[in-house]
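Scroll down for the structure; my scribbles are underneath it.
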Amino acid sequence: MKLTNEEKTAAIETSLRVLSNYNQEKGSLIPTLQQIQNELGYVPSPAMEVVAEHFNVMKVDVYSIVTFYNQFRLTPPGKNQVKVCMGTACHMRGGNIIMDSWKRRLEIDCGETSEDREFSLDRVACVGCCTQAPVTLINDEIHAKVTPTRVEGLLYAYQLDKDKENKKAGEDN
Amino acid sequence: MGKKINLTIDGKKIQAMEGDKILWAALENDIYIPHLCAMKEQQQSPFAGCRLCFIEIEGKPRPVAACTEPALEGMVVNTRSESIDRLVEAGFNLIMSNHHIDCKNCAASGACELQKIAKERKIRLKPKKLVQLDMNLPKDHSKDCIIYDPNKCVLCGRCVTACRTEGTAVLGLAYRGFERMVTTFGDIPLGETECSGCGSCANVCPAGALIQTNK
């Protein structure tokens, strides 16, 4: 995914600000990355390069850490965050099929963001309503007993909402 | 350091330098112990990731890795036994279960460490009981002089060490579990990195994942 220039400068500025609170002790590497992710929502590569330079480690080693832990995102989160539950109950009720249909419909892989930044897709492990399996969260709103058709429906509903908003915005102007 | 010590490996009395690891003492005396990740220059901080160099030491209850165990005076070591062979075979089979086996067309065939282990320990290259899992990742042809085929990688990490000592430190290990792979910062192709094309990674690759071509 290509980052815009504003995103790149924001990444570098944020990392430099975060790093100013830390010394060069290597133990602070992960907390730094966590704080960058807290502020930006993800860890972009320009930030990783700045961090690597600060701690005097290879940048590929920082990349290694970021890809190792599920906690870190490499792409900016979308406007709407789709989280598919892959916990035990949801998995048994076909969570992977739901995941596949989201992947197919949004044309992105798990952990990625669509090109227009509207949607990002993630997997979560149990959201605590296993009787409703398989579950998908869209922006913390729970959708129960999801089927591939329901995925289409949810996206269609989203599209309708967006069209309405656009129309309203047009009228206001 | 620098003192010579005596030990016995497989009934053969050998001498080794104090502080040397058993693996290197054995290899220098023509006793073969299977190994993929070990590098002599790194013997004081071994990677110990391939789990193939298991040996038995008299007086120790369990098999240990030869690359991490220092040779001591009067030690009695066995490199073959039923339990060791089973351990090595299991480890080797796991490595081979996601190694893209294509010896016929592989440039490393003949000089391949995997073939050597299979021959020495009489293990089939293609594991019988495990499903073959191919990652089907694309080959990297972007650099003129190096071809990188991640599907043949055994994750020994030797290229990463070599790249840091002799090269420009572009290689590293990233991701986790089955997805773990040797890669560059941001997964960009080698041709777009600061890679100098020195070929030290291809020199140490035991499995033909990194091949140097003469372009």
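Just so you know, these numbers use all the heavy atoms, side chains as well, and skip hydrogens, waters and symmetry mates. Convention: sequence-line order gives letters A, B, ...; per-chain numbering from 1.
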Residue A/Arg123 excluded, over 12 heavy atoms near CZ under 6.0 Å: no
Residue-level contacts of residues 174-210 of chain B with chain A, using a heavy-atom cutoff under 4.5 Å: B/Ala174, B/Tyr175, B/Arg176, B/Arg180, B/Thr183, B/Thr184, B/Phe185, B/Gly186, B/Asp187, B/Glu194
Portion of B/Val170 that has a non-hydrogen atom of chain A nearer than 4.5 angstrom: backbone
side-chain hydrogen bond (donor to acceptor under 3.5 Å, both in side chains) pairs, two or more places apart, involving residues 101-122 of chain B: B/Tyr32-B/Glu113, B/Asp102-B/Asn105, B/Ser109-B/Gln115
CA sep, side-chain torsions, deciding dist, call: B/Val160, A/Met58, side-chain contact (heavy atoms from CB on, under 4.5 Å): CA-CA 11 Å; B/Val160 177; A/Met58 315 289 177; over 6 Å; no
Flag if over 12 foreign heavy atoms under 6.0 Å of CG, A/Asp161: yes
A/Glu53 atom CD, over 12 foreign heavy atoms within 6.0 Å: no
Enclosure of A/Asn38 CG (heavy-atom neighbours >12, cutoff 6.0 Å): yes
Within 6.0 angstrom of A/His91 NE2, more than 12 heavy atoms from elsewhere: no
B/Met135 atom CE, neighbour heavy-atom count above 12 within 6.0 Å: yes
